Amino acid sequence: MSAALLIEQLLNGLQFGVMLFLMAAGLTLIFGVMGLINLAHGSLYMIGAFAAAGVAGWTGSFWLALMGALMAAAMIGALVEMVVIRRLYDRDHLDQVLATFALILIFSEGTRFFFGSLPLYLDTPDLLSGPTTLPGGIEYSKYRLFIIAVGLAVGGGLFWLISRTRIGIQIRAGEADREMIAALGVDIRKLYTMVFALGAALAGLAGAMIGPIQSVEVGMGEPVLILAFVVIVIGGIGSIKGAFIGALLVGLTDTLGRIMLPQLFGMFMDASSATTVGASLASMSIYILMAGILLFKPSGLFGGQS
Amino acid sequence: MRRETILNLAIPGILLATALIAYAMEEPYIITLATKAAILALAGVGLNIALGLGGLVSLGHAAFFGVGGYAMGILAFHAQNYMPIWGVLEGTKSMPIIWLVALIASALAALVIGALSLRTSGVYFIMITLAFGQMLFYFAISWPTYGGEDGMSIYLRNDFPGVNTLVPLNFFLICFAVLTVVLVLADRLGKSAFGLALQATRQNVARVEAVGLAPYRLRLVAFTISGAVTGLAGALFADLNRFVSPSMLSWHMSGEIMILIILGGIARLSGPVAGAMLFIALEYVLEDLSHYWHVYLGAILLGVVLFARGGVVGLILGREVAHD
């Protein structure tokens, strides 16, 4: 395999990892602060993608589409939190799983009702279409570089928000002791709605940015949601840093596994069975990675006590 | 008799009566629906052993359902093509053998997945079982020998000694008999020393450890039994449809099996049966009503979770405690 191809695949893995981070960060934040497992997080990703496709179709502008997706996801997130999710904080995990599963059914069918079953497509903006030349003469898609940059910027912003701002202090305090910060005069209900809307906005952003790469369709959120779960399990629940490292690990393992495993098996098998075995193993590689990490660290790389 | 005991007899009785009346009225489609309800109920009874008794919220039981389904599919595929497995083992069309293989295969899968997942608890456990289920799902999609993404069809329903399984009522009665046997066994299990210890791990792990029992081992055994029963249901489900595909392994399947239990009533013996009947009835009625029937299913589920936590059985029995 040539170095150029390897670097291209590394960047693809990085881009995938950054996307997963946007999903996983919201999930882990919501779990860390509110103790809620939210299966409907994938629906917010889908809503972001559909909102972007809708706004782009209406105005023709990618940047407005991105804004629209952020706003739609945050608003629907806040609304869902106030109507349904709020009632689930005191419930056990089973109730949370079931209620958010019910939300998935409602959102998926609702989206199908409004947008139909055919996939939609988003165009890359002119500014970002086509490849660019990286140092070393490697050609790489501008748009994917844009995703990596946005993801890293959002990650940095999130670290700053959590560790340096007043809101961040309240969020961290909410994780540690919700009664105490309520007693100190912080409106905990408003804080929860805000955290949920923030997580939703991150998911919506991820969905909108993936639009020009994949098709926008009902059910697109669930595979990403489950990968985001794998990321969180690897990184440790509640840890943003863990989510970041886990997301990059999963993104790189998945992308590189798909390319390299078939070639690896090709060295001692005939080509067709090497492709079969390699592809099957590659599709399982991240779960094997997860199982391996769990054997040694049952609460993830950066998790506290589970 | 306690009211729950009466209900435990009445609910499967209603299912049996539905199928018999449908037979008398020559409505084979209703019999097929009743068969589907019996099979899904069986899957639910399986999950209920882990979820209801052990408090293990597994979101990956579709894995075992699918392993059972593929056990049937693979054996029957080799039998119908007269092509031994790996050139040595003959396939088979005999249900008892297929069931045995499905039980063993899904028990092994549950043992391995359980051994890894049970090292964690709470929300980790939910996510990990979900992830392992998804792993098998993608494996089935990317493995082309047995149909890959398209799944595979079995042309004729498998055989049961002395019974013509192509008659819908006969196949229903087979499934119903299996369900009845498993219900009796599950009842015994819940009341056995093992079942009591398992329920104790759900309520207070520290005390279970203090009396010298190993919660991990109890849970692992329960998870394995639970997976095996769900796998048996998977084999029957594949036989009903004469078709196996990765969709049996998808996490929506896990969600549906869990929904059955909740609709019926968690940790109730006949909960999954009531839930499966209700689920199939809802599907039948709502699908007619609207193409987007999942919206209503979602709304009903949300309502049950938020406001009627005991499910159907809980509503009928009021506050009577589950499984005491």
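A, B, ... follow the sequence lines: proteins, then strands. Residue 1 opens every chain. Here the structure is a predicted model, which is why all the values come from computation and not from measurement. Heavy atoms only: backbone and side chains are in, while hydrogens, waters and symmetry mates are out.
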Side chain, backbone, both or neither: which part of [X] has an atom under 4.5 Å from a heavy atom of chain B?
X	answer
A:Leu36	neither
A:Leu88	side chain
A:Ile104	side chain
A:Phe31	side chain

Within the supplied structure, the quantity of interest is the number of heavy atoms (other residues, nucleotides, ligands) at a distance under 6.0 Å from [X] [atom1]; does it exceed 12?
X	atom1	result
B:Tyr284	OH	no
B:Glu209	CD	yes
B:Arg217	CZ	no

Largest heavy-atom contact set with chain A, pairs under 4.5 Å, which of [options]:
options	value
B:Leu51, B:Leu116, B:Val123	B:Val123
B:Ile128, B:Ile141, B:Thr145	B:Ile128
B:Tyr138, B:Tyr296, B:Trp293	B:Tyr138

Nearest 0.5 Å, what's the [atom1]-[atom2] distance between [X] and [Y]?
X	Y	atom1	atom2	result
A:Met284	B:Trp143	CE	CH2	10.0 Å
A:Leu94	B:Met258	CG	CE	6.0 Å
B:Leu130	A:Leu225	CG	CG	7.0 Å
A:Asp95	B:Ile266	CG	CD1	8.0 Å
A:Leu294	B:Arg119	CG	CZ	7.5 Å

For A:Ile237 against B:Tyr124, the heavy-atom pair lying closest together
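Taking every non-hydrogen atom into account, N-OH, 2.8 Å.
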Quick one: closest heavy-atom pair of A:Ala102 and B:Gly298, and the distance?
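Heavy atoms of A:Ala102 and B:Gly298 come nearest at CB-O, 3.3 Å.
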Tell me, out of A:Ser108, A:Gly300, A:Gly110, A:Ala99, who's got the most heavy-atom pairs with chain B below 4.5 Å.
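With the most close heavy-atom pairs to chain B, the winner is A:Ala99.
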For the interface with chain B, which of A:Leu281, A:Leu103, A:Val233, A:Leu98 has the highest count of heavy-atom pairs at distances below 4.5 Å?
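Of A:Leu281, A:Leu103, A:Val233, A:Leu98, A:Leu98 has the most heavy-atom pairs under 4.5 Å with chain B.
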Are any of the side-chain heavy atoms of B:Leu59 and A:Leu39 separated by less than 4.5 Å?
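When only atoms from C-beta onward are counted, A:Leu39 and B:Leu59 do touch, with a gap below 4.5 Å.
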Given heavy-atom pairs under 4.5 angstrom as the criterion, report whether the side chain, backbone, both or neither of B:Leu136 touches chain A.
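When you check distances to chain A, no heavy atom of B:Leu136 falls under 4.5 Å.
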Relative to chain A, which segment of B:Leu306 carries a heavy atom at a distance below 4.5 Å: side chain, backbone, both, or neither?
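For B:Leu306, the contact with chain A is made by backbone and side chain together.
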Under the rule for salt bridge (charged side-chain N to carboxylate O under 4.0 Å, His left out), what residues qualify as partners of A:Glu222, not counting sequence neighbours?
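Checked A:Glu222 against salt bridge (charged side-chain N to carboxylate O under 4.0 Å, His left out); zero matches.
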Looking at A:Val84, A:Thr100, A:Leu105, which one forms a side chain to side chain contact (heavy atoms under 4.5 Å, CB included) with B:Leu302?
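In the set A:Val84, A:Thr100, A:Leu105, the residue that makes a side chain to side chain contact (heavy atoms under 4.5 Å, CB included) with B:Leu302 is A:Val84.
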Would you check, one step at a time, whether the test side-chain contact (heavy atoms from CB on, under 4.5 Å) holds for A:Phe101 with B:Ile262?
CA-CA 12 Å; A:Phe101 189 81; B:Ile262 303 312; over 6 Å; no
Under a 3.5 Å distance rule, please check whether A:Tyr287 uses its side chain to pair with a backbone N or O of B:Gln134 as donor and acceptor.
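Flag not set: sc A:Tyr287 to bb B:Gln134 has no pair under 3.5 Å.
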